[in-house]
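Indexing begins at 1, ligand by ligand and atom by atom, following the structure's order. In this chain, residues are counted from 1 in sequence order. Please read these numbers as outputs of a predicted model, since none were measured by experiment.
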Amino acid sequence: MTTNIALVGIGKIARDQHIPAIGKSTGFTLSATASRSARVEGIASYTSLEQLLDAERDVSAVSLCTPPQVRYTDARCAIAAGRHVMLEKPPGATLAEVRDLAARARSAGVTLFASWHAREAAAVDAARAWLADRTIHAVQITWEEDVRVWHPGQDWIWAPGGLGVFDPGINALSVMTTILPGAVHLAEAELAFPANRATPIAATLQFSSDFAADISASFDWRRTGRPAWTITLDTSDGEAVLSEGGARFTVAGRDVIGGEDEEYQRLYARFADLIATGSSDVDDSPLVHVADAFMIGKRRTIDPFEW
Ligand code: NAP
């Protein structure tokens, strides 16, 4: 038997990934959508989640694909109505609201899944397993892309809570926090804010850890041409590179693993497992590093950004 699921926020990621992944899933059937202006052909549609939850009593799970600034209210409403909830990344606009949702889901006895799609990329598990037996000397994360190509016209990313360049950067942090063998914390950061925007267009980060002398990251939305979504590790067994957003892992220039993009199919399989086992998965560690960058990062104001 499949679980009837509703999608909220029918924008780019809902259309590119969630709808196809639910279509291929054996655990879920897309039964309804809530979006202010968009709809999906052949599926019951509502302009608010509240209306949907009232009308669609058979929908027992909700997947939220809206921007982070509006995620909390909908998640809270779905949990209060006894529905299981999956959150797109980042799980919220603040840490406190994510932790509040986790507590509410626990009391309501429903599943809350804070998803991190980049962790499901084809080579991430292999990289984690390979690194577990090695000494890591240094880590360089380069997550750079052209904002005009990857986020065309998305004004919410420039509004408070939209995270700016940390919207893709948090994908790198979600991978970093799953492949490295120990805890890290942010030591220094510098954030570049366009004079007319509330969120940064670029950031450099320096982390501290017990196991590697140097862990640093560069996030930049001003890169044009081919994006770089790469983590390069200097290890006791040579240079290892997790590239293409986690889809490919090479050691000393030789492929260890590469594979098809099944990130969202894997996320929905995991959500189904969590529901079946009555558990939740709410790891906010990538968001902690972003919050720390906003807390201790030096701020530079640069030229205004226009689309
Ligand atoms: P998007 O294209 O802007 O779509 C978000 C949808 O949410 C909108 O189409 C809008 O539909 C609805 N929405 C509700 N309240 C909104 C508000 N106040 N402002 C703007 N939209 C609002 O964004 P997206 O790229 O799909 O990203 C959504 C989430 O998915 C983000 O957290 C992002 O980090 C994550 N994500 C995106 C990608 C990607 O490649 N784009 C990849 C992975 C994860 P209605 O107007 O119909 O309500």
Side-chain angles (χ1 to χ4, degrees), residues 6-22 32-41 43-52 62-78 85-95 97-98 101 113-121 124 143-175 197-200 219 221 227 229 244-247 261-268 270-271 282 284 286-287 289-290 307:
L7 270 185
V8 183
I10 305 302
K12 184 172 187 319
I13 200 61
R15 292 194 190 280
D16 288 357
Q17 297 287 352
H18 289 259
I19 294 170
I22 293 169
T33 63
S35 211
R36 296 165 308 176
S37 51
R39 45 195 305 140
V40 176
E41 179 108 10
I43 303 290
S45 66
Y46 299 84
T47 52
S48 81
L49 178 60
E50 270 171 312
Q51 288 169 11
L52 183 156
V62 171
S63 180
L64 301 180
C65 313
T66 42
Q69 295 101 324
V70 296
R71 198 89 48 65
Y72 173 77
T73 310
D74 278 345
R76 187 174 156 165
C77 174
V85 174
M86 173 163 143
L87 305 169
E88 246 302 349
K89 50 65 45 166
T94 71
L95 282 162
E97 64 183 32
V98 177
L101 291 177
F113 178 30
S115 73
W116 297 107
H117 68 87
R119 286 182 176 172
E120 305 300 334
V124 170
W143 226 259
E144 300 177 351
E145 63 185 32
D146 185 344
V147 65
R148 292 182 176 87
V149 171
W150 294 94
H151 303 272
Q154 291 184 343
D155 282 322
W156 61 263
I157 57 175
W158 296 114
L163 296 193
V165 76
F166 287 97
D167 176 75
I170 203 168
N171 297 336
L173 299 176
S174 75
V175 174
R197 304 286 172 173
T199 59
F219 301 156
W221 257 346
W229 298 312
E244 297 169 21
D261 174 7
E262 293 180 347
E263 294 177 18
Y264 281 79
Q265 280 166 262
R266 291 178 54 158
L267 287 181
Y268 278 98
R270 171 99 180 110
F271 189 32
V282 188
D284 62 18
L287 192 58
H289 295 310
V290 174
W307 286 109

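- Glu97 is linked by a salt bridge (charged side-chain N to carboxylate O under 4.0 Å, His left out) to nothing, counting only residues two or more places apart in sequence or in another chain.
- A side-chain donor-acceptor contact under 3.5 Å links Thr199 to the backbone of Ile157.
- A donor-acceptor contact under 3.5 angstrom links the side chains of Asp155 and Trp307, judged on distance only.
- For Trp221 and Glu145, the side-chain atoms include at least one donor-acceptor pair closer than 3.5 Å.
- Among protein residues, Gly9, Ile10, Gly11, Lys12, Ile13, Ser35, Arg36, Ser37, Ala38, Cys65, Thr66, Pro67, Pro68, Val70, Arg71, Glu88, Lys89, Pro90, His117, Gln154, Trp156, Asp167, Tyr264 come within 4.0 Å of ligand 1, judged on heavy atoms.
- Side-chain polar atoms of His117 and Glu88 form no donor-acceptor pair below 3.5 angstrom.
- Annotation: the span from Gln154 atom CD to Asp167 atom CG amounts to 7.5 Å, rounded to 0.5 Å.
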